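Below: the structure, in structure tokens.
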2 protein chains.
Amino acid sequence: MQTELRLGELCERLSEAQDHDDLARAVAGLRDTYDVEHVVYHCVRSGGEQWGALTYPKEWVDAYVKEDFKSIDPVVAACFSRPTPVDWKALDWSARPARELLGSATASGLGSQGCSLGVRGPSGRYALFSVNDRMSDGLRSRFTDARVDEMILAAHYIDSRAQEMEAEPVAKLRTLSPRETDALTLLAKGLGRAQAAERLAISEHTFRVYVESARNKLGARNTLHAVAHAMSLGLICL
Amino acid sequence: MQTELRLGELCERLSEAQDHDDLARAVAGLRDTYDVEHVVYHCVRSGGEQWGALTYPKEWVDAYVKEDFKSIDPVVAACFSRPTPVDWKALDWSARPARELLGSATASGLGSQGCSLGVRGPSGRYALFSVNDRMSDGLRSRFTDARVDEMILAAHYIDSRAQEMEAEPVAKLRTLSPRETDALTLLAKGLGRAQAAERLAISEHTFRVYVESARNKLGARNTLHAVAHAMSLGLICL
DNA sequence: ACGAGCCTCCCCATTTTGGGGGAGGCTTTT
DNA sequence: AAAAGCCTCCCCCAAAATGGGGAGGCTCGT
């Protein structure tokens, strides 16, 4: 197995990538360089449906989507809260849905060993970068630190390119005034209007004006929608 | 200037880091290795107040917090939506608040050139990794791609350690049933209860049961709080 | 000087939500 | 077999929110 990843090659392919197929080709090149069974970029959550740039057989990808394995996949759950690479072997696969996932993967000819790293972006965006092999011992334990570095860099570059491809032209990023931000933030934190107004040392009437104003700026249908939208845009945070 | 960053040294310091001071020492070691004016890890948004592990003088840090520069800092805003490193020189500093920030920084003896990379985590977490120097031309243009790689890796490792230090013991991660998730997601997207119930092909009474149930599971005070909380935990996404 | 935006405050009628209650059928796990 | 959770449906009443309207003072940018 090669001991050095030519990220220059990956970056070159990514810089020319225009669509998901181009990303898939870049990921396939990575698999060949790593000399592993599969390399996977799985965009779990973004503005639209989940999608992936990967080397898995179509049969397995179709089964994964059809059975909605994303909602019970221990890898997806584990990487959601851990910032470091996760060895699949270390996860709990005892639950029946997880065993079904494994069975289905094996039936599609895949190895059950792998390593994944979660990547996050704005507006709750969440993606997974995985390396999969059929060898009996975990990839993570076989990887040197240098290889973890390469995994992190590969994940970052692929996700960056994916975000760039998805980005809507930011014609006009909505912003809120400080008081509007305060008003929505306090509501998001669970305070009622009366309590929030008191917290800000203003009247409920005034508080309401800020909420209405923010709602109009965000083009929201109601207060809840305004709060959710503001959170999604990263304008407020709990 | 050295052409190779010894990330092994950074990782060693980080693996032993127990608090923010340890992180600051690791960051200071990085500054010495890079041979630059300052290196900064700025946790802009997480569960608590903003904080940083950095080499800036206390005078400047105090001024930054006191003037609430975070809310107008073009670097903070730019890195929020860009997944790749941002050269400060390329940003718009013409607005008065931004000029005040620059003036204050210069008065504190800082250079105005730098490069920053945004890092994201769960629950809307957002941090910045920056390298600052007083040289007249932008660091970004002087950095080779190898240096960008090191910047990305350094940002990742520091943020990972920071997250590990902050992580509350996950005694019980709240989850929602699929229907509860659907109900909150549709409300977050701006549908009214009647419309959302129709979308799910259930009655409004039933829809309401899911909302109430989700609200109880999340320990939320009202529906808006439940939606905001679910988004914050990454349970639903727009 | 003027316009835009922010911050502040008030009113009424209608609609929606929250809090409480009730119920049954199905699947999964232990 | 039993318990727990999910999915489905219905009711009432009080409180809160929404949708519409009104207003003035201050600061900043052009």
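Here the structure is a predicted model, which is why all the values come from computation and not from measurement. Here is how names work: the chains are called A, B, and so on, in the same order as the sequence lines, proteins then strands, and each is numbered from 1.
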Looking only at the side chain of Thr206(A) (C-beta and beyond, no hydrogens), which of the listed nucleotides dC7(D), dC10(D), dC9(C) gets closest? dC9(C)

Side chain of Ile202(A) only, please: which of dG18(C), dC6(D), dC9(C) is the nearest? dC9(C)

Looking only at the side chains, is there a donor atom on one of Ser116(A) and Trp88(A) sitting less than 3.5 Å from an acceptor on the other? yes

Pi-cation contact, Tyr210(A) with Arg215(A) (under 6.0 Å, within 45°): no

To the nearest angstrom, how far is Leu191(A) atom CG from dA16(D) atom P? 14 Å

Regarding the side chain of Val209(B), the nearest nucleotide among dC9(D), dT8(C), dT17(C) is dC9(D)

Round to the nearest Å and state the distance from Lys217(B) atom NZ to dA4(D) atom P. 15 Å

Base, sugar-phosphate, or nothing for Ser213(B), non-hydrogen atoms under 4.0 angstrom? nothing

Distance check: side-chain N/O of His205(B) vs OP1/OP2 of dC11(D), anything under 4.0 Å? yes

Asp73(A) and Tyr64(A): side-chain donor and acceptor closer than 3.5 Å? yes

Without decimals, in angstroms, what is the distance between Phe207(A) CZ and dT8(C) C1'? 14 Å

Whole-Å distance, Asn216(B) CG to dG21(C) C1', equals 14 Å

dT8(C) OP1/OP2 closer than 4.0 Å to side-chain N/O of Ser203(A): no

Plane angle bin for His38(B) and Tyr56(B) - parallel if under 30°, tilted between 30 and 60°, otherwise perpendicular: tilted

Choose from dG18(C), dC10(C), dC6(D) the nucleotide whose nearest atom is closest to any side-chain atom of Arg193(B). dG18(C)

Would you kindly give the OH-to-P distance between Tyr210(A) and dC6(C), to the nearest whole Å? 10 Å

Between P of dC7(D) and CZ of Arg179(B), the distance in whole Å: 7 Å

Measure from the side chain of Ser177(B), starting at C-beta and using heavy atoms only, and say which of dC11(C), dC6(D), dG19(D) lies closest. dC6(D)

Phosphate OP1/OP2 of dG19(C): any Arg215(B) side-chain N/O under 4.0 Å: yes

Separation of dA16(D) P from Asn222(A) CG (nearest whole Å): 19 Å

Grab the CD-P distance between Glu204(A) and dC11(C) for me, whole Å please. 12 Å

Of all the nucleotides listed (dG18(C), dC10(D), dT8(C)), which has the minimum atom distance to the side chain of Glu212(B)? dG18(C)

Does the base of dG18(C) carry an N or O that pairs as donor and acceptor with the side chain of Arg208(B) under 3.5 Å? yes

Asp62(B) vs Lys66(B), salt bridge (charged side-chain N to carboxylate O under 4.0 Å, His left out): CA-CA, chis, key distance, verdict: CA-CA 6 Å; Asp62(B) 289 345; Lys66(B) 177 169 176 292; over 6 Å; no

